[in-house]
Number of protein chains: 2
Amino acid sequence: MLYQKGNMFSKACEYGIKSMIYIQSNHDDSRKICLNEIAEAINSPMAFTAKILQQLKRSGLLVSTIGAKGGFQIKNNKPITIKEIVLAIDGDGFFSKCVLGLKVCSSANPCPAHEAYKLIKENMIKDLLDLELDEFTKNIKNKTIALK
Amino acid sequence: MLYQKGNMFSKACEYGIKSMIYIQSNHDDSRKICLNEIAEAINSPMAFTAKILQQLKRSGLLVSTIGAKGGFQIKNNKPITIKEIVLAIDGDGFFSKCVLGLKVCSSANPCPAHEAYKLIKENMIKDLLDLELDEFTKNIKNKTIALK
DNA sequence: TATAATTCGGACATTTTTATCCTAATTAAT
DNA sequence: ATTAATTAGGATAAAAATGTCCGAATTATA
Ligand code: SF4
Ligand code: SF4
């Protein structure tokens with residue numbers, strides 16, 4: 001093995017996803033959720049996580065309040081999908097690029113993987129990326145998944 | 001967008017896949033296929049491609065002969081799958097890691113994506129990664145896909 | 001035998017991604 | 001008013017991935 005890759009999403013994106021799941025899971029109108037708590041909860045480097053939260057803010061998924069007792073909240077408490085987070089952090093490469101890095105393929109001139117891969121991608125989006133954060137919340141509460 | 005990611009496989013791996021497709025497509029018992037030709041054909045940096053070919057050799061997918069008229073060939077002319085190339089270059093992260101970077105999931109304690117993702121992954125492997133190189137050869141010959 | 005074509009590997013350089021540090025601004029609470 | 005908790009963002013550092021350079025070894029062929 002030459003390098004250790006094979007991650008569909010960047011580390012930044014994973015932290016983003018986990019942060020959002022954490023924030024959603026711990027939503028409480030009476031308080032904001034602060035960076036420190038988030039980074040601790042998902043076991044991520046704090047300053048790096050800060051950048052990611054800023055990006056999620058810029059993308060309109062989060063809002064924040066500054067100062068003591070400040071922190072982050074999901075904007076308007078709106079349902080958010082994994083896909084929105086991926087787009088905010090990694091951009092649309094995942095959705096637009098050829099997995100194999102090939103060129104000049106289309107439905108008219110398909111590569112052998114074309115039809116199969118199109119379906120795989122559609123399913124991946126439907127069954128994984130279109131999932132909303134709150135679908136993960138109960139699993140966090142059950143402890144059937146963990147963020148760190 | 002924070003970074004430009006969203007590649008399932010590393011660049012090295014893409015070059016590896018394309019190199020292998022090229023070598024397979026241009027197989028001819030009377031000659032070897034040299035680095036220069038490969039890098040040109042797939043539009044990849046030559047010295048970098050050299051490293052990748054060495055790795056594919058070490059993994060037992062290629063053989064090479066040194067010196068003038070030397071070059072690379074697929075070991076024993078054996079059919080090779082995309083998966084074998086991915087494993088040789090990127091290791092098994094793609095097959096073993098959680099897409100979302102979560103922990104503690106299992107069939108008994110599944111995350112909301114568990115069943116769906118398991119299926120997606122199985123299909124991805126079956127329909128994309130288990131494809132053999134020679135399935136791509138005809139598409140190269142038809143020019144329905146291109147390596148650069 | 002000399003030359004050109006080629007693989008092989010080490011060292012180095014660049015770019016991208018990940019991570020840390022530090023200072024300023026803001027706000028709640030004392 | 002002061003202090004502590006907090007976001008915000010710039011600068012920098014470290015690590016990983018990608019890419020380049022070079023010299024040594026090997027082999028076909030002129
Ligand atoms: S169909 Fe084939 S060539 Fe086209 S994007 Fe998918 S893997 Fe790449
Ligand atoms: S089932 Fe969920 S937690 Fe488990 S590997 Fe898949 S995405 Fe990750």
Any residue meeting side-chain contact (heavy atoms from CB on, under 4.5 Å) with A/P45, in chain and number order, not counting sequence neighbours: A/Y15, A/F48

Side chain to side chain donor-acceptor pair (under 3.5 Å) involving B/K126 - partner list, sequence neighbours excluded: none

Value in whole Å for how far the P atom of D/dT6 lies from CD of A/E40: 13 Å

side-chain contact (heavy atoms from CB on, under 4.5 Å) partners for A/A41, two or more places apart: A/Y22

What nitrogen or oxygen pairs link the protein and nucleotides 28-30 of chain C at under 3.5 Å?
none

Residues forming a side chain to side chain donor-acceptor pair (under 3.5 Å) with A/K83, sequence neighbours excluded: none

A/Y15 side chain near C/dA19 phosphate (N/O to OP1/OP2, under 4.0 Å): yes

Spacing of A/K11 atom NZ relative to C/dT20 atom C1', expressed in whole Å: 15 Å

For DNA chain D, the residues among residues 27-37 of chain B that have a non-hydrogen atom under 4.0 Å from it: none

CD (B/E40) with more than 12 external heavy atoms under 6.0 Å: no

Separation of atom CG in A/L56 from atom C1' in D/dT7, rounded to whole Å: 15 Å

Annotated protein contacts, base or backbone, on nucleotides 8-14 of chain C with a non-hydrogen cut-off under 4.0 Å, one of B, S, - each: SSBB---

Residue pairs passing the salt bridge (charged side-chain N to carboxylate O under 4.0 Å, His left out) test where at least one lies in residues 59-73 of chain B, sequence neighbours excluded: none

Counterpart residues, side-chain contact (heavy atoms from CB on, under 4.5 Å), relative to B/K57 (two or more places apart): B/Q54, B/L62, B/S64, B/F72

Whole angstrom value for the distance that separates P of C/dT16 from CG of A/D90: 15 Å

Nearest-Å distance for atom pair CD1/P, residues A/I52 and D/dT7: 14 Å

Nearest atoms (heavy-atom pairs only) where A/G16 meets A/I85: C-CG2, 3.9 Å

Between P of C/dT7 and CD of B/Q55, the distance in whole Å: 17 Å

Between P of D/dA17 and CZ of B/F48, the distance in whole Å: 10 Å

Results of side-chain contact (heavy atoms from CB on, under 4.5 Å) for A/Q24 - residues two or more places apart only: A/I74, A/L133, A/D134, A/T137

A/E37: partners by salt bridge (charged side-chain N to carboxylate O under 4.0 Å, His left out), with sequence neighbours left out: A/R31

Partner residues of B/D28 under the side chain to side chain donor-acceptor pair (under 3.5 Å) criterion, sequence neighbours left out: B/S30

Euclidean distance, atom CE of residue A/M46 to atom P of D/dA5 [Å, nearest integer]: 12 Å

